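We're numbering straight along the sequence, starting at 1. As the structure lists them, so they are numbered: ligands from 1, and atoms in each ligand from 1. Remember, predicted model here, so these are calculated numbers, not experimental data.
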Amino acid sequence: MSAGDRVQVLREAIERHNRAYYALDAPLIGDAEYDRLFAELQALEAEHPELLSVDSPTQRVGAAPLPEFAALTHATPMLSLNNAFADDEVAAFDRRVREGLASVGAVELGNEVNYSAEPKFDGLAVSLSYQDGRLLRGATRGDGSTGEDVTANLRTLRSIPLRLQGSDWPAVLEVRGEVLMLRSDFAQMNERQREKGEKEFVNPRNAAAGSLRQLDPRITATRPLRFFAYGVGVAAGTTAGLPATHSELLDRLAAWGFPVARERRRVLGLAGLLTYYAEIGRQRSALPYDIDGVVYKVDELAAQARLGFVSRAPRFALAHKFAAEEAETELLDISIQVGRTGALTPVARLKPVFVGGVTVINATLHNEDEIRRKDVHIGDTVVVRRAGDVIPEVVRVLPEKRPAAARRFSMPQNCPVCGSSVVRSEDEKGERDVKGVAVVARCSGGLYCPAQRKQALLHFASRRAMDIEGLGDKLVEQLVDNAIVRTPADLYQLGVVALAKLERLAEKSAGNLLAAIEKSKQTTLARFIYALGIRNVGEATARELARHFGALERLLAADEAQLLQVPEVGPIVAQGIRQFCSEPHNQTVIEQLRAAGVSWSESEAAAASAGVGAVAGKVFVLTGALPTLTRDAAAQLIIAAGGKVTASVSKKTDFVVAGAEAGSKLEKAQLLGVSVIDEGQLLAMLQAGPLAAPESQ
Ligand code: IVH
């Protein structure tokens, strides 16, 4: 056998053993034997460097460090799941599913639906792209549309196949799943950290996140990370066809070499879901990994496609979470935090307590009314709750443990930061206390208040807004306190000289910060709108606004009636936007930002303005099974709106409308850089058309 052939044999054998060990939990050989195969492969590759390849198992030791992670746009967005805690929320989900399917004649209303039920891994979502069975790229979830390219790090995980097993996989395959650390591995790793006198990790989730997001893959290679697959993002170019159900898809993933949850099960109807939940709840503490609930998915893939998505979550799936963990501790004091919009939030300072996997020292008390309702006194023993990434909160006090010296708390009359008077404005949700008094206390200082200014800057720089890496709390604090920066626009006037005045900012970090600020100038309209920090305009609304208006000028000029036509925008949001845009101070800052070079690409603006009567004159290609429309019906709608529908994708195609199991047309669109939209986006374009078109037509 030639060296080349032997190398192939060894690589295949090692991958097979990885699968046996990681995916099947049934090793075929012992460690010594495995090490022998590995050593033989290493020796052969050393002798014949021409045979080396990135997908050799020997390359899992980690490649050279990167200066930063590149951004990777997901072929289809990585969405989140709607959450439920109570049984009746699960019942409502099941009802919506049955009604949704019955309305399109997919099931009889009375019939029970088959679900795939799985543990909800408490790790980090990643996507893995395979081309012709070989691992091509891997990315974190990021904001759902764009993640970070962590390919080099993911290659170091032995539970991730570098080459797929078998041959019935689609040529283009994107597998989604979770990276996590097993509890046993986490404990061992911390043990080693302790022995070395190094910092221990707080919990497996943080350890996994920290390990995956290392710029040096050689560090990731030393961390015991595991991957578990739970779904498929894109599958195209298959000859063998894909299974009809999600549970079979998971089986198929296992056959291709991916670990999938052993605890997965196909269950029938609501009763099946609730039984599964109770069962997994009982097993929870004995499972090899942390989970924070279970996930239910309609099993039939065609039914999933029919149900589709609302906003950012699928209608066909639900996360049923476990109740958050609680612990008792002492409330040492209550301090006030001033938020971005001036809202004063009372914060409980606690005697440190370990709950929900971390040590908690602060917890929110929401507002003054909550403090009264829960009758919280300083000095009380309180119950603190923390779930996942949610901010810890004080749930209730234990009055029987109240010491004689316990004191009441009252909101200050003046802002503790800037001294401006505190006003009680109506809460956004119109919440009022029992006496009809609005519950939100706000500092009236606006951007005069340094606390509000700092928060506004932090928000502006945050990852999902302008993404200025390195501009954190400490730095913003110094920039504002030293009157170097007052508004976001001032950031773009910063130079090394100004930064040199700051304490503890090394020259290199100053350089990095300036580079990050420079880089942030190239952004998207949606991010820019979000970054402005308009009250009640979150990411999703900002995206809708960008899509609807297409150009910032149009948004700034829009009146309330025009704003109300945007999805996600109601009267309160519209009013907030109007107020913001008519404020001269804000107009100046926006002008200064644009003058400093903050911009977004024209094509993005054009794509964003797609909502503005853009179907007319545009060329569409339809592919895959759309969730609610037949392709014929979609074509008729497009043609009625003045668009064109063609059969094949070319450079002349403006949009590819892709549904479930879209095939080669989707691939071609991606290859040519043609915009790919889903049915929801198409419908939005069709709806927005004549209504929102400004002067045209
Ligand atoms: S399915 C369309 N299945 O939960 C959404 N997600 O809130 C597809 N997660 O970030 C998600 N275990 O990383 C799915 N068995 C499971 C999961 C799971 C954990 C995470 C996932 C995502 C989050 C969704």
Side-chain angles (χ1 to χ4, degrees), residues 74-85 89 93 97 115-128 138-148 150 154 159-160 174-182 204-206 208-209 212-213 225-235 245-247 249-251 253-254 258-267 273 276-277 280 283-284 287-299 301 303-322 387-390 464 540 627 659-660 678 680:
H74 301 300
T76 59
M78 292 182 76
L79 301 158
S80 48
L81 293 168
N82 287 324
N83 289 331
F85 286 93
E89 295 171 281
F93 160 73
V97 165
Y115 292 98
S116 166
E118 306 156 25
K120 184 168 191 300
F121 302 107
D122 196 8
L124 288 97
V126 298
S127 97
L128 304 172
T140 59
R141 176 173 186 270
D143 64 4
S145 328
T146 308
E148 285 174 325
V150 286
L154 289 169
S159 48
I160 294 181
E174 191 206 334
V175 175
R176 291 179 175 179
E178 203 94 344
V179 166
L180 49 78
M181 220 176 257
L182 299 187
R205 189 184 184 285
N206 288 6
L212 184 63
R213 296 196 64 252
L225 294 174
R226 296 282 188 121
F227 174 78
F228 285 88
Y230 57 62
V232 162
V234 177
T245 63
H246 181 75
S247 13
L249 188 62
L250 291 180
D251 294 343
L253 285 168
F258 297 98
V260 290
R262 297 184 116 199
E263 301 78 17
R264 69 185 186 281
R265 196 125 63 241
R266 195 169 126 108
V267 300
L273 297 178
Y276 180 79
Y277 179 75
I280 296 294
Q283 293 174 19
R284 183 179 182 188
L287 293 179
Y289 34 61
D290 283 350
I291 62 171
D292 55 351
V294 297
V295 181
Y296 309 136
K297 299 168 191 169
V298 170
D299 202 29
L301 296 176
Q304 287 193 359
R306 279 169 186 275
L307 288 164
F309 300 85
V310 213
S311 185
R312 305 194 29 89
R315 279 203 200 86
F316 57 79
L318 183 74
H320 192 179
K321 304 280 266 289
F322 293 129
D389 285 339
V390 185
R464 298 189 174 185
D678 60 17

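Between D290 and R205 there is no salt bridge, since no side-chain nitrogen of the basic residue lies less than 4.0 Å from a carboxylate oxygen of the acidic one. A salt bridge is absent between E263 and R265: the closest approach of a Lys/Arg side-chain nitrogen to an acidic carboxylate oxygen does not fall below 4.0 angstrom. Look at R264 and D251 and you find a salt bridge, because one of the NZ, NE, NH1 or NH2 atoms lies within 4.0 Å of a carboxylate O, short of that distance.
The ring of Y289 has its center closer than 6.0 angstrom to the ring center of F228.
Using the six-membered ring where Trp is involved, Y230 and F121 have ring planes that are parallel, under 30° apart on the 30 and 60° scheme.
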Write none if no such pair exists; otherwise list each N/O atom of ligand 1 with its protein N/O partner under 3.5 Å and the distance.
residue: ligand 1; atom: 3 (N); partner: K297; partner atom: NZ; Å: 3.0
residue: ligand 1; atom: 4 (O); partner: K120; partner atom: NZ; Å: 3.2
residue: ligand 1; atom: 7 (O); partner: L81; partner atom: N; Å: 3.1
residue: ligand 1; atom: 12 (N); partner: F121; partner atom: N; Å: 3.0
residue: ligand 1; atom: 13 (O); partner: E178; partner atom: OE1; Å: 2.4
residue: ligand 1; atom: 13 (O); partner: Y230; partner atom: OH; Å: 2.9
residue: ligand 1; atom: 15 (N); partner: E118; partner atom: OE1; Å: 2.9
residue: ligand 1; atom: 15 (N); partner: P119; partner atom: O; Å: 3.2

* To do: Assess whether ring-ring contact (aromatic ring centres under 6.0 Å, His included) is satisfied between F316 and F309, documenting all intermediate values.
  => CA-CA 8 Å; F316 57 79; F309 300 85; 5.6 Å; yes

